[in-house]
Asks: 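I have a structure here, written as structure tokens, and I will follow up with some questions on it.
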Number of protein chains: 2
Amino acid sequence: MKNTKKKILKSKGYTIGSAEDFLGLSKEESEYIELKLALSGVLAEQRKRKNLTQSQLAKLLKSSQSRVAKMESGDPTVSLDLLIKSLFAIGATKKSIAKAFH
Amino acid sequence: MKNTKKKILKSKGYTIGSAEDFLGLSKEESEYIELKLALSGVLAEQRKRKNLTQSQLAKLLKSSQSRVAKMESGDPTVSLDLLIKSLFAIGATKKSIAKAFH
DNA sequence: TGACAATATATCATATCTGACATAATATCT
DNA sequence: AGATATTATGTCAGATATGATATATTGTCA
């Protein structure tokens with residue numbers, strides 16, 4: 001199975017290898033999940049570009065390492081609000097965030 | 001006071017006319033609020049373009065008229081998740097959503 | 001003007017998200 | 001290999017968002 005697909009299923013709470021598939025996801029759901037994963041990716045990128053560990057970023061965000069990890073993996077308990085606020089906080093430009101939509 | 005500014009202050013829970021001002025808002029906070037207001041606007045636009053009432057849209061979203069009103073006014077109790085999910089549900093393109101960032 | 005439709009605001013119980021913590025799993029060294 | 005740094009996963013109490021309901025306000029007709 002493709003890696004992106006695995007991530008998407010995981011982020012919906014599905015277990016990889018289960019019988020569940022995209023069939024159960026509406027277009028809106030897929031779009032929403034894809035968006036979250038795209039933003040996750042941007043966050044991880046920006047963090048690494050700045051040579052920060054998850055712990056360092058967590059401190060910057062007044063959050064915790066574990067939550068940063070969840071943010072970067074598209075965990076279902078992470079909201080768009082948290083992702084986007086974090087991106088703004090790390091200094092991502094609106095432009096770079098907007099790209100996640102394309 | 002400019003209308004946009006009024007909306008922003010309101011969305012932070014400030015009362016219009018109070019002594020509070022932008023001075024208390026960090027760049028990230030402003031960016032986040034501006035984004036929410038931009039998305040609010042797109043949602044209201046799209047709804048009107050489709051000649052839907054808030055109640056009709058609410059039914060479509062399996063939500064309530066009052067929440068749609070709050071979505072469209074940038075109410076602080078409305079998340080980016082709800083806004084963006086709603087935009088996807090109403091059929092807004094990623095492109096049109098991305099524009100809210102620019 | 002009054003009647004009706006549409007939108008806005010307030011409140012609340014339930015649902016969901018959040019930071020924190022513990023601990024497990026990986027990576028990166030010597 | 002072991003030691004250490006980094007990242008991932010599980011859990012939970014407190015915080016925040018949600019849909020629903022009631023009601024107020026505003027708009028739009030005749």
Side-chain angles (χ1 to χ4, degrees), chain A residues 3 6-7 9-17 28-29 32-33 35-37 39-41 43-90, chain B residues 3 6-7 9-17 28-29 32-33 35-37 39-41 43-90:
Chain A
N3 220 285
K6 276 193 195 167
K7 270 191 154 178
L9 291 175
K10 179 159 161 278
S11 77
K12 269 300 277 187
Y14 291 125
T15 301
I16 308 295
E28 303 129 60
E29 283 175 324
Y32 171 75
I33 293 172
L35 174 59
K36 263 177 65 168
L37 290 176
L39 292 171
S40 297
L43 183 66
E45 256 172 38
Q46 300 261 335
R47 174 179 65 80
K48 285 168 189 162
R49 170 188 296 268
K50 302 200 175 213
N51 284 326
L52 297 174
T53 66
Q54 291 182 346
S55 295
Q56 289 171 321
L57 177 54
K59 191 173 179 186
L60 198 80
L61 301 177
K62 286 164 190 164
S63 178
S64 59
Q65 178 270 325
S66 66
R67 189 133 302 271
V68 172
K70 288 178 215 288
M71 285 187 217
E72 293 187 353
S73 70
D75 188 282
T77 72
V78 172
S79 72
L80 289 180
D81 291 70
L82 185 61
L83 277 170
I84 288 179
K85 278 181 179 171
S86 299
L87 283 166
F88 282 143
I90 205 183
Chain B
N3 221 283
K6 276 191 194 171
K7 271 190 152 181
L9 292 174
K10 179 158 159 279
S11 77
K12 270 300 278 186
Y14 290 126
T15 300
I16 308 294
E28 302 128 61
E29 284 176 323
Y32 171 76
I33 293 172
L35 174 59
K36 262 177 67 169
L37 290 176
L39 292 172
S40 296
L43 183 64
E45 256 172 39
Q46 300 261 337
R47 174 179 65 80
K48 285 169 189 159
R49 171 187 296 269
K50 302 200 175 217
N51 285 324
L52 296 174
T53 65
Q54 291 182 346
S55 296
Q56 289 172 321
L57 177 55
K59 191 173 178 187
L60 197 80
L61 301 177
K62 285 163 191 167
S63 177
S64 60
Q65 178 269 325
S66 67
R67 189 133 302 271
V68 172
K70 286 179 217 289
M71 287 186 215
E72 294 186 354
S73 71
D75 188 282
T77 72
V78 172
S79 72
L80 287 180
D81 292 69
L82 186 62
L83 277 169
I84 288 179
K85 279 181 180 171
S86 299
L87 282 165
F88 281 144
I90 205 181

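Worth saying up front: this structure is predicted, and the values here are computed from it rather than measured.
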Asks: Closest-nucleotide mapping onto DNA chain C: is A:K62 or B:K48 further toward the 5' terminus? I mean the 5' end.
Replies: B:K48
Asks: Please report the interatomic distance OG(A:S86) to CG(A:L80), rounded to the nearest 0.5 Å.
Replies: 11.5 Å
Asks: Mind checking side-chain contact (heavy atoms from CB on, under 4.5 Å) for A:S79 and listing every partner two or more places apart, or none if nothing turns up?
Replies: A:D81, A:L82, B:D81
Asks: Whole angstrom is fine here: how far is it from CG in A:L61 over to P in C:dC17?
Replies: 19 Å
Asks: When you compare the side chain of A:K85 with that of B:E28, does any pair of heavy atoms fall below 4.5 Å?
Replies: no
Asks: Do A:Q56 and A:T53 come within less than 4.5 Å of each other through their side chains, counting heavy atoms only?
Replies: yes
Asks: Do B:Q46 and B:L52 touch side chain to side chain, with heavy atoms closer than 4.5 Å?
Replies: no
Asks: Return the value, rounded to whole Å, for the distance between atom CG of B:L52 and atom P of C:dA5.
Replies: 17 Å
Asks: Looking only at heavy atoms, which two atoms of A:A44 and A:E72 are closest? And how far apart?
Replies: CA-OE2, 3.6 Å
Asks: If you measure from CG on A:L60 to CZ on A:R47, what distance do you get to the nearest 0.5 Å?
Replies: 12.0 Å
Asks: Expressed as a whole number of angstroms, how long is the span from A:E72:CD to D:dT9:C1'?
Replies: 15 Å
Asks: Between C:dT7 atom P and B:N51 atom CG, what is the distance in whole Å?
Replies: 11 Å
Asks: With A:E45, which residues qualify under side-chain contact (heavy atoms from CB on, under 4.5 Å), at least two apart?
Replies: none
Asks: State whether the side chain of A:K36 and the backbone N or O of A:L83 hold a donor-acceptor pair below 3.5 Å, judged by distance alone.
Replies: no
Asks: Between protein and nucleic acid, restricted to nucleotides 26-28 of chain D and to nitrogen or oxygen atoms under 3.5 Å apart, what atom pairs and distances do you find?
Replies:
none

Asks: Can you confirm whether the side chains of B:S73 and B:D75 place a donor and an acceptor under 3.5 Å from each other?
Replies: no
Asks: The side chain of A:S64 lies closest to which of these nucleotides: D:dG19, D:dT7, C:dA20?
Replies: C:dA20
Asks: Answer yes or no: side-chain N or O of B:K70 and base N or O of C:dA10 forming a donor-acceptor pair under 3.5 Å.
Replies: yes
Asks: Let me test you: for the helix from C:dT1-D:dA30 to C:dT30-D:dA1, what is the angle between the axes at its two ends (five pairs each), rounded to 10 degrees?
Replies: 60°
Asks: Just compare C:dT7, D:dA8, C:dT9 and give me whichever is closest to any side-chain atom of B:Q54.
Replies: C:dT7
Asks: Just wondering, do B:L61 and B:M71 contact through their side chains at under 4.5 Å, heavy atoms?
Replies: yes
Asks: How many angstroms lie between atom OG of A:S64 and atom CD of A:Q54, to the nearest 0.5 angstrom?
Replies: 10.0 Å
Asks: So which heavy atom on A:K70 is nearest to which on A:T77, and how close?
Replies: CD-OG1, 4.0 Å
Asks: Would you find a donor on one side and an acceptor on the other, under 3.5 Å apart, between the side chain of B:K50 and the backbone of B:L57?
Replies: no
Asks: Could you encode protein contacts along nucleotides 22-30 of chain C as a string, one character per nucleotide from 5' to 3', using B for base contact, S for sugar-phosphate-only contact and - for no contact, with a heavy-atom cut-off of under 4.0 Å?
Replies: ---------
Asks: Could you go over nucleotides 16-18 of chain D and give all protein N or O partners under 3.5 Å, atom names and distances?
Replies:
residue: D:dT18; atom: OP1; partner: B:S79; partner atom: OG; Å: 2.5
residue: D:dT18; atom: OP2; partner: B:T77; partner atom: O; Å: 3.0
residue: D:dT18; atom: OP2; partner: B:S79; partner atom: N; Å: 2.9

Asks: Over how many whole Å does the gap from B:Q56 atom CD to C:dT7 atom C1' extend?
Replies: 13 Å
